[in-house]
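Both backbone and side-chain heavy atoms feed into the values below; hydrogens, waters and symmetry mates do not.
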Amino acid sequence: MLSLDEALEILLAVEPVNRPAEQVELVRAVGRILAADVTASINVPGADNSAMDGYAVRTADAALFAAGVPVSQRIPAGAVPEPLEPGTAARIFTGAEIPPGADAVVMQEEAEVEGDRVIFTKPVEAGAWIRAKGCDIEAGSRILQAGTRLRAQDVGLAASVGIPTLSVRPLLRVATLFTGDELVTPGEPLPPGKIYNSNRYLLQGMLASLPVVHSDLGAVRDDFVATQSALKRAAQHHDLIITTGGVSVGEEDHVKPAVESLGRLDMWSLSIKPGKPLAFGRLRREDGSEAIFIGLPGNPVSSFLTFGLLVKPLLLKLAGARACAPVRVPMRADFDWPKADRRREFLRVRRNEQGGLDLFPNQLSSVLTSTVWGDGVVDNPGGQTIRRGDMVQFISYADLLG
């Protein structure tokens, strides 16, 4: 069996999809993959400015402060100040530019106004409450790196240096299809022996937050010709095709021979639980290029976790993103796990109010309620038992799938 790390190494050896970058407005850039480094053309802030509402002063005038100095000007944010006259103070507001000659700001809470003069009774240090020019961003510096999956704060940073559009990688074209004569669409009657197709909506939801254009190709009946035809059509217009189930060697499992007739397929047995079976391959297009194929397990929890652990990193690599492994956080187990499996286990858990983790009582790979009840998994090494109070490695669903 392949380890999870070995499988990831193989998947992440693929090359990103090679299509021209796009320019998008900032309002549409969140979630996209940055195609080129972004460099600032200006300093932020563009000039020394006040971090507080107060008074701009010259510390060289400190001997006058206890007796009081006159206020020579008022500087709101956005105004261009005059040079500060010696022996005076300037009324200044947060974000306003420091007047030439001033080298400190006294916050208004530490100033006493008497008539037309202001008194400072506490010592004033040079540089106090002044945000220096370029202290956030220096002109010419790289502020965003190519391959970044853009967040709201990344887009805000680009806006802060006046950039209206960003060069991003094209959205990855992903198709999903599902095999099995037993599958029924929710809302339809459920005949004996049939099941509702939960994996279809599970994958739709997981793909919704990723930089993809998703084509839902629905269910395909258990027939070799129908399966082959669906895969062939999908490969012509998509970069990645994902299926669930139907990749074993049974008489009604037609995905494996259909993929092999159109390209090549590796069947992997992964040393993880849940999520043991996985298929990875390539489908030839008419022009000689190839689409990537992933066959996920049919059990919904196995599909859910292998998507987060393997498909999401592959998808982001194809889309041109820099590698981003889920963060593992040490947390206290408030449960016992006395019978360890030889495989690496991903145990469904929930954070509790005491700062520890509770375990869902049923860890079968078919129990989708465990993913709704919980908010993450414990990444437990193969053969490792857990005793209440042990520190374990927690991965949140938000980090695994977001």
Side-chain angles (χ1 to χ4, degrees), residues 1-4 6-14 173-184 193-195 197-200 202-203 206-207 215-286 288-315 318 343 365-366:
M1 288 192 290
L2 280 180
S3 71
L4 176 65
E6 289 170 332
L8 267 175
E9 184 177 357
I10 295 170
L11 291 176
L12 297 183
V14 301
R173 300 178 300 211
V174 178
T176 55
L177 60 90
F178 308 88
T179 64
D181 290 342
E182 76 280 11
L183 299 177
V184 176
K194 306 292 186 179
I195 60 172
N197 187 358
S198 61
N199 277 336
R200 179 180 186 181
L202 186 64
L203 283 177
M206 292 187 294
L207 288 166
S215 300
D216 176 7
L217 304 184
V220 180
R221 68 180 187 275
D222 283 328
D223 175 83
F224 172 78
V225 174
T227 304
Q228 182 191 52
S229 177
L231 288 170
K232 184 175 182 179
R233 289 196 305 272
Q236 300 309 312
H237 305 291
H238 298 91
D239 308 304
L240 174 66
I241 295 94
I242 305 172
T243 66
T244 62
V247 197
S248 63
V249 293
E251 292 182 6
E252 298 299 323
D253 293 322
H254 301 290
V255 174
K256 181 177 184 293
V259 172
E260 290 175 329
S261 73
L262 298 170
R264 61 187 189 276
L265 183 69
D266 290 323
M267 298 284 292
W268 294 343
S269 183
L270 301 179
S271 186
I272 61 173
K273 182 181 179 180
K276 181 179 177 182
L278 191 82
F280 170 64
R282 296 175 185 267
L283 300 169
R284 288 189 304 274
R285 302 190 182 103
E286 294 176 357
S289 62
E290 294 178 320
I292 302 294
F293 171 83
I294 286 284
L296 294 176
N299 276 321
V301 178
S302 298
S303 184
F304 175 77
L305 288 175
T306 50
F307 183 94
L309 293 167
L310 294 160
V311 178
K312 178 189 166 187
L314 167 64
L315 185 153
L318 287 170
R343 290 176 285 167
S365 61
S366 58

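- Under the rule for a side chain to side chain contact (heavy atoms under 4.5 Å, CB included), the partners of Pro277 that lie at least two apart in sequence or sit in another chain are Pro297.
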Steps toward side chain to side chain contact (heavy atoms under 4.5 Å, CB included) verdict (Ser215, His238): CA-CA 9 Å; Ser215 300; His238 298 91; 2.8 Å; yes

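- In this structure, the side chain to side chain donor-acceptor pair (under 3.5 Å) partners of Glu260, at least two apart in sequence or on a different chain, are Lys256.
- Heavy atoms only, all atoms of each residue included: Leu217 and Ala175 are closest at CD1-CB, 3.9 Å.
- For Lys276, the side chain to side chain contact (heavy atoms under 4.5 Å, CB included) test picks out Met1, Ser269, Arg343, with sequence neighbours left out.
- Partner of Phe293 under the side chain to side chain contact (heavy atoms under 4.5 Å, CB included) criterion, chosen from Ile242, Leu240, Leu231: Leu231.
- No donor-acceptor pair closer than 3.5 Å links the side chain of Asn299 to the backbone N or O of Val301.
- Between Met267 and Ala279 the shortest heavy-atom distance is SD-CB, 3.9 Å.
- The shortest heavy-atom contact between Ala235 and Leu283 is CB-CB, 3.8 Å.
- Taking each heavy atom of Leu12 and Pro313 in turn, the nearest pair found is CD2-O, 3.5 Å.
- Legend: residues meeting ring-ring contact (aromatic ring centres under 6.0 Å, His included) with Phe280, ordered by chain and number and at least two apart, are Trp268.
- Under a 3.5 Å cut-off, the side chain of Gln228 and the backbone N or O of Ser261 do not form any donor-acceptor pair.
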Between Leu296 and Leu278, is the side chain to side chain contact (heavy atoms under 4.5 Å, CB included) condition met? List the steps. CA-CA 5 Å; Leu296 294 176; Leu278 191 82; 3.7 Å; yes

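- A pairwise comparison of heavy atoms in Met206 and Ser303 identifies CE-O, 4.4 Å as the closest pair.
- The side chain to side chain donor-acceptor pair (under 3.5 Å) test applied to Thr176 returns His214, not counting sequence neighbours.
- Here CZ of Arg284 is found 10.0 Å from NZ of Lys232. Values are rounded to the nearest 0.5 Å.
- Partners of Lys273 according to the salt bridge (Lys or Arg N to Asp or Glu O under 4.0 Å) rule, which considers only residues two or more places apart in sequence or in another chain, are Asp341.
- Taking Arg282 as the reference, Val14, Arg264, Glu290, Ile292 meet the side chain to side chain contact (heavy atoms under 4.5 Å, CB included) condition, with sequence neighbours excluded.
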For His254 and Thr179, run side-chain hydrogen bond (donor to acceptor under 3.5 Å, both in side chains): C-alpha distance rounded to whole Å, both residues' side-chain angles, the deciding distance at 0.1 Å, then the answer. CA-CA 8 Å; His254 301 290; Thr179 64; over 6 Å; no

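- Annotation: salt bridge (Lys or Arg N to Asp or Glu O under 4.0 Å) contacts of Glu182 (sequence neighbours excluded): none.
- If you run side chain to side chain contact (heavy atoms under 4.5 Å, CB included) between Leu183 and each of Thr244, Asn197, Asp222, only Asn197 comes through.
- Residue Leu314 holds its CG atom at 12.0 Å from CD1 of Ile10, rounded to the nearest 0.5 Å.
- Looking at residues two or more places apart in sequence or on another chain, you find a salt bridge (Lys or Arg N to Asp or Glu O under 4.0 Å) between Asp216 and Arg200.
- To the nearest 0.5 Å, the span separating CG on Asn199 from CG on Leu203 amounts to 6.0 Å.
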Under the criterion side chain to side chain contact (heavy atoms under 4.5 Å, CB included), I'd like the reasoning laid out for Leu11 against Ile294: C-alpha separation, chi angles, the key distance, then a yes or no. CA-CA 10 Å; Leu11 291 176; Ile294 286 284; 4.0 Å; yes

Side chain to side chain contact (heavy atoms under 4.5 Å, CB included) assessment of Leu4 paired with Leu310: CA-CA 8 Å; Leu4 176 65; Leu310 294 160; 3.6 Å; yes

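- Listed by chain and number, the residues in a side chain to side chain donor-acceptor pair (under 3.5 Å) with Ser3 are Glu6 (sequence neighbours excluded).
- For the pair Thr243/Phe178, no side-chain contact is recorded, criterion being any heavy-atom separation below 4.5 Å from C-beta on.
- Taking the side chain to side chain contact (heavy atoms under 4.5 Å, CB included) definition, one finds that Ser229 meets it with Arg233, sequence neighbours left out.
- Asp239 is linked by a side chain to side chain donor-acceptor pair (under 3.5 Å) to Arg19, counting only residues two or more places apart in sequence or in another chain.
- Separating the CG atom in Leu315 from the CG atom in Leu207 is a distance of 6.5 Å, to the nearest 0.5 Å.
- Closest approach of Pro274 and Leu305 over heavy atoms only: CG-CD1, 3.6 Å.
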